[in-house]
Amino acid sequence: MRPISTSIPVAIGGRNRSGRRGVVLICTLVCLIVVSTLVMTSVASAVRAQRETVRRHQTMQTEWLLDAGINRAITRIAADDSYEGENWIPAFENSRYAKANVEISVAPAAGGDDASNLVSVDVIATLARSVDSAAMEIATRTQKSYTFQVSKSNPHSAATNDE
C-alpha cells in the first residue's frame with residue numbers, strides 16, 4: 001500500500017496558495033510604505049507651517065515694540081529737553097516673550113550746529129522668546145531698528161530716515 005500524502009495539492013497553474021499569500025503580503029507592505037511616506041511628509045509640512053507662523057508672529061510683535069519705543073522717545077523728548085535716551089524693558093502679560101528690550105539713544109544731529117534743536121534718535125527693539133537654553137534664546141531673537149531726526153522744540157514734526 002501507498003502512504004497517504006498530507007501535503008497541500010498544487011493548484012492548477014503550478015502554484016500553491018502560499019505563493020499567492022506572499023504576493024499579497026508584498027503588495028500590502030508597499031502600500032504601507034507609500035502611506036507612511038505621505039503621512040510623514042504631511043506632518044513635516046505642518047510643523048514647518050507652524051514654525052513659520054510663530055516666526056511671523058514674533059516679527060510683528062517686534063515691529064509693535066519698535067513703534068512703542070519710537071512713540072516713547074518722541075513723548076520723552078517733548079517732555080524733557082535733557083532726555084538722552086534709555087534702556088526700556090517693557091512688561092509683557094504673556095510670559096512667552098519675557099525677553100523684551102528697547103534701546104533709545106538721543107544725540108545731536110550730524111551736521112547740525114549747536115543752536116539747532118535737531119536731534120537724531122536711534123531706537124532698537126529686541127524680542128526673544130523665553131526658553132531654557134541661551135543658545136535657543138539667540139536662535140529665537142528678533143531685532144528691528146529705526147533712526148529718525150526730530151526737533152526738540154516741536155518733536156511731533158519729525159523728519160524720518162528709515163535705516
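One is the number of the first residue; the rest follow in order along the sequence.
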Please set out all donor-acceptor pairs under 3.5 angstrom arising from side-chain atoms of residues 28-41, sequence neighbours excluded.
unit_1, atom_1, unit_2, atom_2, d
T28, OG1, V24, O, 2.8
S36, OG, L32, O, 2.8
T37, OG1, I33, O, 2.8
T41, OG1, T37, O, 2.8

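- Hydrophobic clustering, with ILVMFWY side chains joined whenever heavy atoms are under 4.5 angstrom apart, groups Y83 together with V150.
- Side chain of E103 to backbone of V123: no donor-acceptor contact under 3.5 angstrom is found.
- To the nearest 0.5 angstrom, E86 atom CD is 4.5 Å from I104 atom CD1.
- Between the CG atom in D122 and the CZ atom in F148 there is a gap of 9.0 Å [rounded to 0.5 Å].
- Scanning all heavy atoms of the two residues, the minimum distance from T62 to A125 falls at CG2-O, 3.8 Å.
- Qualifying side-chain contact (heavy atoms from CB on, under 4.5 Å) partners for R48, counting only residues two or more places apart in sequence or in other chains: A44, S45.
- With sequence neighbours left out, the side-chain hydrogen bond (donor to acceptor under 3.5 Å, both in side chains) criterion links N87 to N101.
- Scanning for side-chain contact (heavy atoms from CB on, under 4.5 Å) contacts around R55 gives E52, T59, with sequence neighbours left out.
- Atom CG of L66 and atom OH of Y146 lie 9.0 Å apart (nearest 0.5 Å).
- For the residue pair S151 and L118, the shortest heavy atom distance occurs at N-CD1, 4.0 Å.
- In this structure, CZ on R76 lies 14.5 Å from CG on D81, to the nearest 0.5 angstrom.
- Residues A100 and P90 approach most closely at O-CD, 4.0 Å, considering heavy atoms.
- By the 4.5 Å heavy-atom criterion applied to side chains, I70 and I74 are counted as neighbours.
- Rounding to the nearest 0.5 angstrom, the gap separating the CG atom in D80 from the OG1 atom in T75 is 12.5 Å.
- A salt bridge (Lys or Arg N to Asp or Glu O under 4.0 Å) check over residues 57-67, counting only residues at least two apart or in different chains, returns the pairs E63-K144.
- Annotation: side-chain hydrogen bond (donor to acceptor under 3.5 Å, both in side chains) contacts of T126 (sequence neighbours excluded): Q143.
- Here the closest heavy-atom approach between residue G69 and residue V102 is recorded as CA-CG1, 3.8 Å.
- Partners of R51 under the side-chain hydrogen bond (donor to acceptor under 3.5 Å, both in side chains) rule, at least two apart in sequence or in another chain, do not exist in this structure.
- With rounding to the nearest 0.5 Å, the separation of OG1 in T142 from NE2 in H57 is 10.5 Å.
- Hydrophobic clustering of Ile, Leu, Val, Met, Phe, Trp and Tyr side chains at less than 4.5 Å, counting indirect connections, unites V121 with W88.
- Of all non-hydrogen atoms in G85 and V106, the two that sit nearest each other are N-CG2, 4.1 Å.
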